[in-house]
Amino acid sequence: MKTDIINLVKLGLQEVPELTEFLDDQIAENAVERTKDLVHGDFSSNIAMRFAKVTKNNPRDLASIIIKKIPKNNLVKKIEIAGPGFINFHMSDAAFHQEISKIIDIDDLYGKHPGKRKGKILLEFVSANPTGPLHVGHGRHAAYGATLGNILNAAGYEVKREYYVNDAGRQMDILCVSVIIRILESNNPDLIMPAAGYLGDYIKIIAESIDEKIDNTLSEIILQLQNGDNAQDKEQYIDAIIQSAKEILGIEKFSVIKQTSLESIRFDIEEDLNEFGVTFDSWFSENSLAEQGHIKKILSLLKDKELLYKKDGAIWFKATDFDDEKDRVVTRENKNNTYFTSDIAYHHNKKLRGFDHLIDILGSDHHGYIARVRAGLVAMGHQASDLEVELVQFVSLFRAGEKQSMSTRSGEFITLRQLREEVGNDAARFFYIMRSNEQHLDFDLELAKSKSNENPVYYIQYAHARIASVFRQLEEKRFLYDEQKGKDNLSLLITKKEKLIMSTLSRFPEIIELSANNRAPHNLAQYLRDLANEFHSYYNDSIFIVEDEKIRNARMLLIKATQTIIKSGLELLGVSSPKSM
RNA sequence: GCGCCCGUAGCUCAACUGGAUAGAGCAUCAGCCUUCUAAGCUGAGGGUUAGAGGUUCGAGUCCUCUCGGGCGCGCCA
């Protein structure tokens, strides 16, 4: 509907001689918006005010010139100038009726344009280290990423979802020795898990699943280390244990235990996410970058471009040449490559796989990292704008007004799985995305669980269920629902509430567009709340199952369309639409 | 110290990226079930958009400063 107005404005503007030198394609697109208040009509344009100055016109005069050039169309009832120079469009009733019929006809495709846009997007999210179960913070990333992916799809983008598995580096070794210590523990009760190790119970479960025999001399060495001086520095201490474990077990056996532990956790994460309705097209292993020589390749390419130099025994990348605030180490003094080096290789690889636009969803604490990854990407010959980063703020969990602690290392955090079991997937998905991702989220467990008007997810689902119930009642009362009669009699829907619902339904395509472009799923959640509100209000105000066949079918058609949009919208959010509650 | 983000009703948050009278929910108060699900509806009160300047037809939104909060500034990941 909005595009109809945009097109009319475009046609009109082309005919205004004063404006021709300023026009481009985008201008009309951005110059038409929904009005906040229906007394201003349905759509409004500020174009006359924006161009009053450069064309040396009075805005209201310019507006009247433009209006005269806008072609007549039966969707538009009236165009008028208001206030300082707004051009307000009042849509005809037929325009809304046409939209309602369209919703009924194309059902859950309404407002969605699969394949409409060119360009492939790689959406990377969660990417939590596979060293333990997901916690409630990861849940927000999962919900946000999955929903954003759905919305981008609906808006016509081709999107692939990817999870980057950080299966390389020291964290994995720490995970491995944590498991080994749990294995040894059964015969050596004096062993204590190092402070830098992983304390969670899931480590014990992994340990029990591993039947590798481990030489007891390792226990003795660990016991010695445990009581020795270097137990003071927890990082040094655990590195010493890693060292000994690798020597005594041999690198091969160590790798087997590491791989088994990793796979076990990764599988658990995948299962957890699947249950949450969050799926990925690919799981990309950090290790594979080194194994397939991508990291070497990157380093030699950077060297060829003379973007590397040696200092203090390490190799540095001239990130400052690409708008980063300082240069960054790619290869340490100990010859190991940094995490950052993997990341250049990884992002370069994404581009090589044919993705035009890369979206990373990261925790807000990673914001300092964006500039350097982008620098790496540009150094590899890509555009800075190819990489987009969406930051997600932290989640605080509240129970009965008390903030819950979330200490990761101690293993005392609340997992995503626990949260889902407690409040249910639907409430969890909705609560995670109902607030802007740029805002800290206070997640109130009691509120999420409450099956009352305090809980917005039930409020929306209830509207859907109520409509289903009305249709059941219709059948019980032996009335027939005639879709065609409904369409033919939409003009009988003349109350304020009915017109408001029609207007809101017709906004759905704009909401998808808006939340896709702004990467803002919460706009959709907000919209669905508004729509549910308007329906509940209508429900209390009018009876749908009435004797008059024409009015009855028209009203049933309208609530059917409402139900369709609620279902379609909730589906994008990953929330179910129950038929009864 | 430097950089990024944030500050909107008692609380939790919106506000279509510069538009018209800043909106919801919770909480508070007052009403609505012998008729389609009361997990609902109707109404009331509640604001100097942290503060001060500036830009312009027009600012919660853009710029500058101040105050307050979060995060980041490793050869960690």
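For clarity, every value in this text was computed on a predicted model and none was experimentally measured. Labels below follow one simple rule: chain letters A, B, ... track the order of the sequence lines, proteins then strands, and each chain is numbered from 1.
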N-glycosidic conformation, B:rC32 - syn within 90 degrees of 0, else anti: anti

Indicate syn or anti for B:rU64, taking the glycosidic torsion and treating anything within 90° of 0 as syn. anti

Ignoring hydrogens and geometry beyond distance, is a side-chain donor-acceptor pair present between [X] and [Y] at under 3.5 Å?
X: A:Tyr527; Y: A:Glu510; answer: no
X: A:Glu124; Y: A:Tyr163; answer: no
X: A:His366; Y: A:Asp360; answer: no
X: A:Asn166; Y: A:Glu286; answer: yes

Just compare [options] and give me whichever is closest to any side-chain atom of [X].
X: A:Lys497; options: B:rC75, B:rU42, B:rC73; answer: B:rU42
X: A:Tyr369; options: B:rU37, B:rA77, B:rG40; answer: B:rA77
X: A:Trp316; options: B:rG40, B:rC36, B:rC75; answer: B:rC75

For [N] and [X] - does any side-chain N or O of the residue sit under 4.0 Å from the phosphate oxygens OP1/OP2?
X: A:Lys326; N: B:rG74; answer: yes
X: A:Ser537; N: B:rU42; answer: yes
X: A:Gln473; N: B:rU37; answer: yes
X: A:Arg332; N: B:rC76; answer: yes
X: A:Lys53; N: B:rC57; answer: yes

Let me spell it out: for each of A:Val470 and A:Ser364, pick the nucleotide of RNA chain B with the closest heavy atom. Which residue's pick is nearer the 5' end? A:Val470

Please give the stem ranges for RNA chain B, sorted by first residue number, where a stem is three or more consecutive Watson-Crick or G-U pairs and both donor-acceptor distances are under 3.5 Å. B:1-7 with B:67-73, B:10-13 with B:23-26, B:28-32 with B:40-44, B:50-54 with B:62-66

Ring centres under 6.0 angstrom apart ([X], [Y]):
X: A:Phe317; Y: A:Tyr309; value: no
X: A:His90; Y: A:Phe43; value: no
X: A:His138; Y: A:His141; value: no

Surrounding NZ of A:Lys550 (heavy atoms of other residues, nucleotides or ligands, distance under 6.0 Å), is the total greater than 12? no

With C1' as the reference atom in both, quote the distance from B:rG40 to B:rG25 in angstrom, rounded to an integer. 15 Å

Looking only at atom P, what distance separates B:rU42 and B:rC33, rounded to whole Å? 15 Å

Heavy atoms under 4.0 Å, any strand shown: does A:Lys335 hit a base, just sugar-phosphate, or nothing? nothing

Base, sugar-phosphate alone, or nothing: which one does A:Tyr539 contact when heavy atoms must sit under 4.0 Å apart? base

Does the B:rG3 base have a donor-acceptor partner in the side chain of A:His367 within less than 3.5 Å? yes

Each nucleotide of nucleotides 11-23 of chain B classed B (base within 4.0 Å of a protein heavy atom), S (only sugar-phosphate) or -, in 5' to 3' order, makes -BSSSBB-BB---

Sidechain N-carboxylate O distance under 4.0 Å for A:Glu333, A:Lys310: no

Can you confirm if the NZ or CZ of A:Arg529 lies within 45° of the ring axis of A:Tyr459 and under 6.0 Å from the centre of its six-membered ring? yes

How close or far is atom P of B:rC76 from atom CD1 of A:Ile174, stated in whole angstroms? 12 Å

